[in-house]
Amino acid sequence: MDWKNKAQSLLGSRTIHIDGDGPFAFVTSCRARAFSLWATKGDAEHVMKSIRSCGSDCQGVAAHYIVDLEAHT
């Protein structure tokens with residue numbers, strides 16, 4: 001499965017792929033919506049929990065979330 005294309009299909013073609021590959025997308029909906037892909041939900045959650053502030057004017061954790069791309073196949 002091409003997880004990058006799957007994520008962009010769900011999140012919108014203007015969503016920026018930052019890095020990675022896998023069925024779990026960690027999404028930041030800050031100034032520009034972006035995502036990174038992870039092999040496991042645990043890995044994606046670890047990254048999400050490690051971000052205290054993204055440096056943007058977003059609402060912090062409320063604007064950061066994980067999408068299970070396999071659930072949308």
Side-chain angles (χ1 to χ4, degrees):
M1 171 78 53
D2 185 340
W3 297 117
K4 176 185 172 189
N5 285 337
K6 179 68 175 180
Q8 287 181 319
S9 173
L10 286 171
L11 301 169
S13 62
R14 299 177 108 188
T15 306
I16 301 164
H17 176 236
I18 297 173
D19 192 26
D21 189 26
F24 295 94
F26 167 54
V27 184
T28 59
S29 295
C30 305
R31 291 179 186 161
R33 181 182 279 184
F35 67 94
S36 57
L37 296 172
W38 300 89
T40 69
K41 186 175 182 180
D43 289 342
E45 288 173 342
H46 176 74
V47 171
M48 185 172 75
K49 290 176 184 176
S50 70
I51 295 177
R52 302 279 186 250
S53 172
C54 62
S56 184
D57 55 357
C58 74
Q59 300 300 314
V61 295
H64 304 159
Y65 58 94
I66 296 170
V67 176
D68 180 350
L69 300 172
E70 287 182 314
H72 298 278
T73 56

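Everything numeric here is computed off the predicted structure, so don't read it as measured data.
- The two residues Leu69 and Lys6 have their closest heavy-atom pair at O-CE, 3.9 Å.
- Closest approach of Arg33 and Leu11 over heavy atoms only: NH1-O, 3.0 Å.
- The hydrophobic cluster containing Leu37 does not contain Ile16, counting ILVMFWY residues as joined when their side-chain heavy atoms lie under 4.5 angstrom apart, directly or transitively.
- For the atom pair OG of Ser36 and CG of Asp21, the computed distance is 11.5 Å after rounding to the nearest 0.5 Å.
- Residue-environment remark: CG (Asp2) exceeds the threshold of 12 foreign heavy atoms within 6.0 Å.
- The 12-atom threshold is not exceeded at NE2 of His46, counting heavy atoms of other residues, nucleotides or ligands nearer than 6.0 Å.
- Between Phe35 and His17, the ring-plane angle classifies as tilted under the 30° and 60° cut-offs.
- The same ILVMFWY cluster, assembled from side-chain heavy atoms under 4.5 Å apart, contains both Trp3 and Tyr65.
- Between the side chain of Gln8 and the backbone N or O of Arg14 there is no donor-acceptor pair closer than 3.5 Å.
- Side chains of Asp68 and Lys41 form no contact here, defined as non-hydrogen atoms less than 4.5 Å apart.
- With hydrogens and angles left out, the side-chain atoms of Trp38 and Thr40 include no donor and acceptor closer than 3.5 Å.
- Hydrophobic cluster membership differs between Phe24 and Ile18, with clusters built from Ile, Leu, Val, Met, Phe, Trp and Tyr side chains linked at under 4.5 angstrom.
- Counting heavy atoms from C-beta on, the side chains of Pro23 and Glu70 come closer than 4.5 Å.
- Proximity of Val27 to His64: side-chain heavy atoms (C-beta onward) are nowhere separated by under 4.5 Å.
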